[in-house]
There are 2 protein chains.
Amino acid sequence: MLANIRPLFQEAAAIREPCTLATLFDRSPLEHATAGQIVFFEGDRALHLFAIREGNLRVCRQLHDGRRVITGFLTKGDIVGVSFKNRYLYSAEALDDVHFQRQTKVAFDQQLLARPDLRPILLSQLCDEVAAAQDQMVLLSCKSAEERLCSFLLAQLHKSTSLGFARDVISLPMTRLDIADYLGLTIETVSRTVTKLAGQGILSTGRRHEIRVLKKSALVLRAGEGDADVDNELNDTLRCCRH
Amino acid sequence: MLANIRPLFQEAAAIREPCTLATLFDRSPLEHATAGQIVFFEGDRALHLFAIREGNLRVCRQLHDGRRVITGFLTKGDIVGVSFKNRYLYSAEALDDVHFQRQTKVAFDQQLLARPDLRPILLSQLCDEVAAAQDQMVLLSCKSAEERLCSFLLAQLHKSTSLGFARDVISLPMTRLDIADYLGLTIETVSRTVTKLAGQGILSTGRRHEIRVLKKSALVLRAGEGDADVDNELNDTLRCCRH
DNA sequence: CGAAGGCTTGATATGACTCAAGGAAAGTGG
DNA sequence: CCACTTTCCTTGAGTCATATCAAGCCTTCG
């Protein structure tokens, strides 16, 4: 129905992001959410997928009695809502000013049919999600508060640098409570642990949403995994599987 | 190379499991592992996928210092090793006598190309895996020992009945230590909690690898989720997405 | 029958939680 | 620009759930 403008967009997409699922959202209008706004609720009918263009989201699940778990944080470039259930299993809430595009599942699927080159990317992204979830299970199952925090800060440091922050700056768009709910700790424990690491000269805590790393090696050591993982698990993605 | 016998197997497959990924393994020879044997190690080159035909496996990850996490249990019908990394991120170990078939990733992918009808099944299975991992994150993040155990027992009860056990019998092919490592508890806590629930007339503990449920409703209550989930989240899988 | 592995039970320790209060930022309205 | 309010964060004191340590029992199997 929009066939006449399609080629234009495809061309533009081909230039900007030749190999991302996000390209499939290029024709959708840009929407906006401010801090605290909820993009979709756990339990809502899952009709859309969302591509984040700017800003940060938290992905939450609630236990009936109010306990909350944050299962992940999302940024620019990420896609939310991929699922085969017909209701969302989690809520997505804006941490700050978020710009995103949406698309119906049906349209997404149709576009995907037209772009078989994107299929392995979807699969690989799902696999990454499984891998991340398993890492988090390890963290929650058997790491101490300090190990959890250090693991989190390292992951966040990695994200921050790849988003263009200075190499020793961790951007923390979320609050301490969000961090606590992500790490399975209380806000007090998070705060105390940060303070302790700062006291040991490993971190320096300037403004609220930023932490500077002074001794990355110490952080790695305390994360408790021989965190070389991150470097070793070369993302040979897409090498062997082409569906 | 085995082209001559293919039709035979395909026919058999069509009768037995017309719509499962496991069909793709039908031409592979049946292999066998006994309790404790390891099918593949975390860190090994990930060359194969495995379809379980009989028996049970545990899926483990180790922290460098020996702490162990079990991220899941697998049975008859399940497939292990789907991933886009070129090394396994976890080990798979036999809990009892296991019969399985293997297949190279490459062959699996090729067969999948020939069977586009199986693609959405793969996707849906990955989505289920993500969902299960998130449930586990909720469990590990904020449930008490009792809630964890009750959730686990209910899930296991569900599995057991769908495998043909009596409606009130939970089959537990794993040891208490496995359960502990799965739930992020110690073996002592698992044992104490089972004993307590038995003392309250909710369970009855006969032989080692079997628990009988006397009051399922009490179990649901103590699992701490209004566990209606299992029934509500209708698996409308495959309705809207057909890649 | 003896050994080994798996499970239970008890006593004690401890890491993280809870409760409580105060301080620092950020936003609001005059 | 400054008081005011609110939200977020930090710090301290005390408690509790679960871990740890230790011992004994029950099964299974050779």
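Chain A is the first sequence line, chain B the second, and so forth, proteins listed ahead of strands; every chain is numbered from 1.
- One interatomic measurement links the two molecules: CG of L139(A) to P of dA16(C), which rounds to 12 Å at whole-angstrom precision.
- Per the geometry, CZ belonging to R68(B) stands 17 Å off C1' belonging to dA19(D), to the nearest Å.
- The CG-C1' distance, from D181(B) to dA19(D), rounds to 13 Å in whole Å.
- When all heavy atoms are compared, the tightest approach of H32(B) to D97(B) is NE2-CG, 3.8 Å.
- Using a distance-only test at 3.5 Å, with no hydrogens or angles considered, a donor-acceptor pair links the side chain of Q101(B) to the main chain of S28(B).
- In this structure, the CG atom of D96(A) is 15 Å from the C1' atom of dA26(C), given to the nearest Å.
- Checked for salt-bridge contact, E188(B) and R176(B) miss the test: no charged N lies under 4.0 Å from a carboxylate O.
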Could you write out each protein N or O paired with an N or O of nucleotides 21-24 of chain C at a distance under 3.5 Å?
none

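- The residues R58(B) and D181(B) are annotated as not salt-bridged, no charged nitrogen and carboxylate oxygen being separated by less than 4.0 angstrom.
- With rounding to whole Å, I187(A) atom CD1 is found 16 Å from dG12(D) atom C1'.
- A heavy atom lying under 4.0 Å from DNA chain D marks the following residues of residues 188-200 of chain A, by number: E188(A), S191(A), R192(A), T195(A).
- The separation between E146(B) atom CD and dT18(D) atom P is 9 Å, rounded to whole Å.
- In this pair, F25(A) and F108(A) present their aromatic rings tilted. The plane angle is within the 30 to 60° band.
- The aromatic ring centres of Y182(B) and F152(B) sit less than 6.0 Å apart.
- Aromatic ring orientation, Y88(B) versus F50(B): tilted (interplanar angle from 30° to 60°).
- The interatomic distance linking K143(A) (NZ) with dT18(D) (C1') rounds to 20 Å, in whole Å.
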Name each donor-acceptor pair under 3.5 Å that joins a side chain in residues 210-222 of chain B to protein atoms two or more places apart or in another chain, with its distance.
from, atom 1, to, atom 2, distance (Å)
R212(B), NH1, D168(B), OD1, 3.3
R212(B), NH1, D168(B), OD2, 3.1
R222(B), NH1, Q200(B), OE1, 2.7

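- Across all strands, G184(A) comes closer than 4.0 Å only to sugar-phosphate atoms, never to a base (heavy-atom distances).
- We find that E147(B) and R67(A) are joined by a salt bridge, their nearest charged nitrogen and carboxylate oxygen being less than 4.0 Å apart.
- Across the protein-nucleic acid pair, R148(A) atom CZ and dG15(C) atom P stand 14 Å apart, rounded to whole Å.
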